[in-house]
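Reminder, nothing fancy here: chain letters follow the sequence lines and each chain counts from 1.
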There are 2 protein chains.
Amino acid sequence: MKFVASFPDTLVKGYRPGRVPRAVRSEQLLDLADRLFAERGFHAASMDELARRAGVSKPVIYDHFDSKEQLFATCVRRTGELLADRVATAVREESDPRARLRAGSIAYFRFLQDQLQAWIVLFDDEEMRDARFAAEASRIRRRQSDLMIHLMAETSGTAPDHEGRTRLEAMTLAIAGAYESLSLWWHKHPEVPPEELADWLLDLIWPGLEQLTKHLAASP
Amino acid sequence: MKFVASFPDTLVKGYRPGRVPRAVRSEQLLDLADRLFAERGFHAASMDELARRAGVSKPVIYDHFDSKEQLFATCVRRTGELLADRVATAVREESDPRARLRAGSIAYFRFLQDQLQAWIVLFDDEEMRDARFAAEASRIRRRQSDLMIHLMAETSGTAPDHEGRTRLEAMTLAIAGAYESLSLWWHKHPEVPPEELADWLLDLIWPGLEQLTKHLAASP
DNA sequence: CACAGTAACCTACCACAAGTAGGCTACTAA
DNA sequence: TTAGTAGCCTACTTGTGGTAGGTTACTGTG
């Protein structure tokens, strides 16, 4: 009875107090953590508050996740995978290489537009938000990079040699960094539509990228 | 006497115990903080340890800097300004636009190579380092972006209209992001020489960049 | 020279948040 | 009925950013 009585009005709607199965609690905690990190940023979000919002005590959280960092990483990774899916899906709907890249880019920016809440934690800079996110941001970049490499290999047909692959990896990662940085800029210029962003970026990198694929296909 | 007696061997060489003028203490603290942040990362670096290394008590630090974040920001900003200077100097030594960009790029990567220690905090991802650096990293990107815009305006002669400037700002920031991300990759492939990195990146972005300047010069 | 004013510094503390030890409650299955 | 366990809690420890308030030594002025 102490248990039930200890839930005043700090309870988040949609979650009733009391015992729930482990899997459900996990999902609930992840959802709430996502929102909390988005609102406050990593540093300012406290595990106590997460516990309060979930209507649960702190050790419960630590029974599901090893640490605050691991919880954060899990949240970000989930979102990153969703993003990768969206982009991959959009890419698969086109066949011409440039059109594929364009479709992927648009999907990327549209996703950011939708998930702005959750994304701010990773990309906002204006407000001095804390973040232990380098590893996760990097993971996402790598994912986008892999996707690009895969796409290029698929359309060019030939496989580059070792040195070529090294260079290609470097360049796709650089491009992924450009996307990331552009997203950041976009955050302060939301009036620009995703399609225009994509076109700008395509005009910038496509000539060099096309040249690069030709170069790599010719060398081995 | 308590004062002098309280310095066992935790003292960093080159700094004698005892009272020193404010300006000297400030510089000393900044230098030590730079090293400490580089070693441990923002989160794991504690103010207590900084105090210990400086052979000083914590309030002394807070008499010089408002907070840990402000101290960190000051360190990073100092390094960022040094970087900008190096790049700008290198750029000024060339006249052909492409050669200028190349020279700037090489200077950029050379600087990272030298200052690797101090730079890890900002760019390393493999190790889960903490960082409250989004704002500072962004400031550095903006600096590089401004430099590029300046350089392009200088060489093209004409000034773009409002929409053109918006697009140009977005694209140069994207490019700065690409440099940043490439630096990160480089950290795991240090065998690639700076000149090669610069050439890779130039081959990738120069065609699009040249096209962009022409486009912007033609529209108004 | 005396001594006020101040610069540089200290000890001892607070607040707050991550993470833990150990125990309680209620469901389930034999 | 009762053993086992899943889910949960209260009450703590630890570590670290930051502060209050006092002490020491240097410096310029009567």
Hey, is B:R78 close enough to B:E27 for a salt bridge, meaning N to O under 4.0 Å?
yes
Between B:F72 (CZ) and D:dG17 (P), how many Å, whole number?
13 Å
A:D48 CG - C:dG19 P separation (whole Å):
11 Å
Collect all protein-nucleotide pairs involving nucleotides 3-5 of chain C in which both atoms are nitrogen or oxygen and the distance is under 3.5 Å.
none

Rounded to whole Å, the CG-P distance (B:D63 to D:dG21) equals 16 Å
Would you classify B:A51 as touching base, sugar-phosphate or nothing, given that sugar-phosphate means primed atoms plus P, OP1 and OP2, and contacts are heavy atoms under 4.0 Å?
nothing
Side chain of B:K68, base of D:dG18: donor and acceptor closer than 3.5 Å?
no
When you check the gap from the basic side-chain N to the acidic O, do A:R22 and A:D63 get nearer than 4.0 Å?
yes
Whole-Å distance between C:dG22 P and A:Y62 OH?
19 Å
Which nucleotide in the set C:dA17, C:dT25, D:dT19 lies at the smallest distance from any side-chain heavy atom of A:R19?
C:dT25
If you measure from the Lys or Arg side-chain nitrogens to the Asp or Glu carboxylate oxygens, is any gap between B:R53 and B:E39 under 4.0 Å?
yes
Taking NZ, NE, NH1 and NH2 as the nitrogens, is one of them in B:R40 or B:E49 under 4.0 Å from a carboxylate oxygen of the other?
yes
Just to be sure I understand the rule, does B:S46 reach a base, reach only the sugar-phosphate, or reach nothing, if contact means heavy atoms closer than 4.0 Å?
sugar-phosphate
For B:R22 and D:dT27, give me the distance from atom CZ to atom P, rounded to whole Å.
17 Å
Anything under 30° is parallel, anything over 60° is perpendicular, the rest tilted; go ahead and classify B:F72 against B:F42.
perpendicular
Rounded distance (Å) that lies between atom C1' of C:dA17 and atom CD of A:E69:
14 Å
What is the distance from CE of A:M47 to C1' of D:dC12, rounded to the nearest Å?
17 Å
Which comes earlier along DNA chain C counting from the 5' end, the contact point of A:A45 or that of B:V60, where each point is its nearest nucleotide?
B:V60
Over all strands shown, is B:P21 touching base, sugar-phosphate only, or nothing at heavy-atom distances under 4.0 angstrom?
sugar-phosphate
B:R102/B:D203 ion pair, N-O < 4.0 Å:
no
Going by an N to O cut-off under 4.0 Å, is there a salt bridge joining A:R110 and A:E195?
yes
From NZ of B:K58 across to C1' of C:dA8 the rounded distance in Å is 18 Å
N or O in side chain of A:R25 less than 4.0 angstrom from D:dC8 OP1/OP2
yes
